[in-house]
Amino acid sequence: MKIFNDITALRKSLNSQQQIAFVPTMGNLHAGHLALIQQAKQLSDCVVVSIFVNRLQFLPHEDFNQYPRTLDDDCRLLAELNVNTVFAPDEEILFPTPQEFLLALPSVANTLEGEFRPGFFQGVATIVLKLFNIIQPHLALLGKKDYQQLYIVREMVRQLNLPVEIIACETVRAPDGLALSSRNQYLNKVQRLEACHLYQALLQIKKEIISGCKEFLTLQENATKDLIQRGWKVDYIRIQKRSLLTPAQINDEDLVVLGAAWLDKTRLIDNLEI
């Protein structure tokens with residue numbers, strides 16, 4: 001396994017590869033990341049994993065400085081999976097000067113996560129575009145857990161005519177249903193037991209819709225009330241049309257329910273396709 005910090009050396013190493021599968025991460029790898037990497041290995045002989053905590057996607061009050069950085073452990077895991085290449089640049093490599101060129105995103109980026117984390121998706125899109133430009137992958141694998149992020153990256157690729165195929169991978173969950181996330185480690189034991197109830201709330205909505213309920217606003221409100229009663233602070237529970245990520249209408253069939261909520265100081269997100 002080769003570990004690169006330098007862009008020029010990385011590009012030279014990848015120059016002769018016929019097909020590159022790319023998995024972008026912020027490190028602190030868990031089973032969800034490893035599932036993406038294992039799927040990438042099935043699709044290509046050359047797998048590149050990036051490890052970079054992107055300052056641009058954190059708001060001033062968020063956990064950029066506290067975000068877990070475990071590069072040595074991450075590289076040991078990647079070596080065990082026989083990953084070809086790791087790109088783990090320092091911040092000054094990707095941002096030698098302040099990043100003044102930023103993408104203007106569509107209005108969907110201001111909804112859901114974008115409503116509560118303004119500028120988040122601009123930071124995500126900027127770093128993903130930079131990494132695509134540096135690595136020039138043929139395939140990029142992203143998890144469905146970050147559903148809106150997946151949607152926006154797909155739209156960026158489509159609208160900017162980037163030669164990258166986006167592969168969406170299913171969310172990896174703990175036995176109780178909690179979606180795996182690096183931020184789960186912020187939870188104490190009591191909170192960890194409670195954390196699965198965000199998934200349970202979304203699952204209940206899914207069951208109701210499958211059973212024929214079309215009262216989307218009522219379903220959202222009931223799930224929100226239930227979580228609040230359990231001590232959560234809810235940012236949103238929304239039923240959306242999958243293809244556009246707009247609010248679901250009564251005749252829509254391609255649906256997804258998305259939620260974001262806080263347990264004390266830990267913010268969890270999840271979604272279920274319907």
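Positions are given from 1, in the same order as the sequence printed here.
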List the atom of Tyr186, the atom of Pro68, and the distance in Å for their closest heavy-atom pair. OH-CD, 3.5 Å

Just so I know, are the side chains of Ile269 and Leu258 near enough to count as touching, which here means a heavy-atom distance under 4.5 Å? no

Could you check whether any side-chain N or O of Ser44 sits under 3.5 Å from a backbone N or O of Gln19, counting only pairs where one atom can act as donor and the other as acceptor? yes

When rounded to the nearest 0.5 Å, the distance separating CG of Leu78 from CG of Leu29 is 5.5 Å

In this structure, are over 12 heavy atoms from other groups packed under 6.0 Å from Gln159 atom CD? yes

Check whether any side-chain heavy atom of Tyr199 sits under 4.5 Å from a side-chain heavy atom of Leu272, and report yes or no. yes

Are Leu142 and Leu43 grouped together when hydrophobic residues (ILVMFWY) are joined by side-chain heavy atoms under 4.5 angstrom apart? no

Quick one: sort the Tyr67 and Phe58 rings into parallel, tilted or perpendicular, breaks at 30° and 60°. perpendicular

Counting only heavy atoms from other residues, nucleotides and ligands, does the tally under 6.0 Å from CD of Gln66 exceed 12? yes

Short side-chain to backbone donor-acceptor contact, Thr171 and Ala179, under 3.5 Å: no

State which residue, out of Arg173, Lys145, Arg238, Lys206, fulfils the salt bridge (Lys or Arg N to Asp or Glu O under 4.0 Å) condition with Asp270. Arg173

Heavy-atom closest contact (Ser243 atom, Tyr151 atom, distance): O-CE1, 3.4 Å

Any side-chain heavy-atom pair from His33 and Asp74 closer than 4.5 angstrom? no

Could you tell me the separation between the OG atom of Ser181 and the NE2 atom of His30, rounded to the nearest 0.5 Å? 5.5 Å

Would you say that Leu103 contacts Met156 through its side chain, given a criterion of any heavy-atom pair below 4.5 Å between the two side chains? yes

Mind listing the closest non-hydrogen atom pair of Leu227 and His197 along with its distance? CD2-O, 3.7 Å

For Leu268 versus Ala195, what's the shortest heavy-atom pair and its separation? CD1-CB, 3.8 Å

Around atom CG of Asn110, are there more than 12 heavy atoms of other residues, nucleotides or ligands at under 6.0 Å? yes

Taking Thr111 for its side chain and Val108 for its backbone only, find out whether a donor-acceptor pair lies under 3.5 Å. yes

For Arg69, give me all partners under salt bridge (charged side-chain N to carboxylate O under 4.0 Å, His left out), at least two apart in sequence or on another chain. none

Same apolar cluster (I L V M F W Y, side chains within < 4.5 Å links), Phe52/Val153: yes

For the residue pair Met1 and Ile3, establish whether any side-chain heavy-atom pair is separated by less than 4.5 Å. yes

Rounded to the nearest 0.5 Å, what separates atom CG in Leu34 from atom CD in Glu80? 9.0 Å

Indicate yes or no for a side-chain donor-acceptor contact from Arg242 to the backbone of Leu255 under 3.5 Å, with no hydrogens or angles considered. yes

Hydrogens and angles aside, do Gln42 and Gln38 bring a side-chain donor and acceptor to less than 3.5 Å of each other? no

Under a 4.0 Å threshold between the charged nitrogen and the carboxylate oxygen, would Asp235 count as salt-bridged to Lys233? yes

Yes or no on side-chain hydrogen bond (donor to acceptor under 3.5 Å, both in side chains) for Glu208 and Gln204, after CA distance, side-chain angles and deciding distance? CA-CA 6 Å; Glu208 295 277 0; Gln204 182 60 35; 3.0 Å; yes

Is a side-chain donor-acceptor pair under 3.5 Å present for Glu273 with Tyr147? yes

Compare all side-chain heavy atoms of Ile152 with those of Glu155 and state whether any distance is below 4.5 angstrom. no

Is a side-chain donor-acceptor pair under 3.5 Å present for Asp252 with Gln249? no

Evaluate side-chain contact (heavy atoms from CB on, under 4.5 Å) for Ile127 paired with Leu56, printing each intermediate quantity in order. CA-CA 8 Å; Ile127 195 64; Leu56 295 182; 5.5 Å; no

Determine yes or no for a side-chain-to-main-chain donor-acceptor pair under 3.5 angstrom, with Asp90 supplying the side chain and Glu92 the backbone. no

Rounding to 0.5 Å, atoms CG (Asp264) and CD (Gln191) come to a distance of 5.0 Å

What I want to check is whether the side chains of Gln185 and Asn28 have a donor and an acceptor closer together than 3.5 Å. yes

Say you draw a straight line from CG of Leu139 to CD of Gln39; how long is it, rounded to the nearest 0.5 Å? 10.0 Å

Verify salt bridge (charged side-chain N to carboxylate O under 4.0 Å, His left out) between Lys12 and Asp6, making sure each step is shown before the conclusion. CA-CA 10 Å; Lys12 184 177 180 181; Asp6 178 69; over 6 Å; no

Could you state the interatomic distance from OH (Tyr236) to CD (Glu113), rounded to the nearest 0.5 Å? 3.5 Å

Over all atoms of both residues, closest heavy-atom pair of Pro137 and Phe22: CB-CB, 3.5 Å

Treat each ILVMFWY residue as a node, draw an edge where side-chain heavy atoms are under 4.5 Å apart, and state whether Leu71 and Val47 are in one component. yes

Compare all side-chain heavy atoms of Leu244 with those of Lys241 and state whether any distance is below 4.5 angstrom. yes

If you take all heavy atoms of Cys169 and Leu141, which pair is closest and at what distance? SG-CD2, 3.8 Å

Check: Leu14 and Arg11 side chains under 4.5 Å, non-hydrogen atoms: no

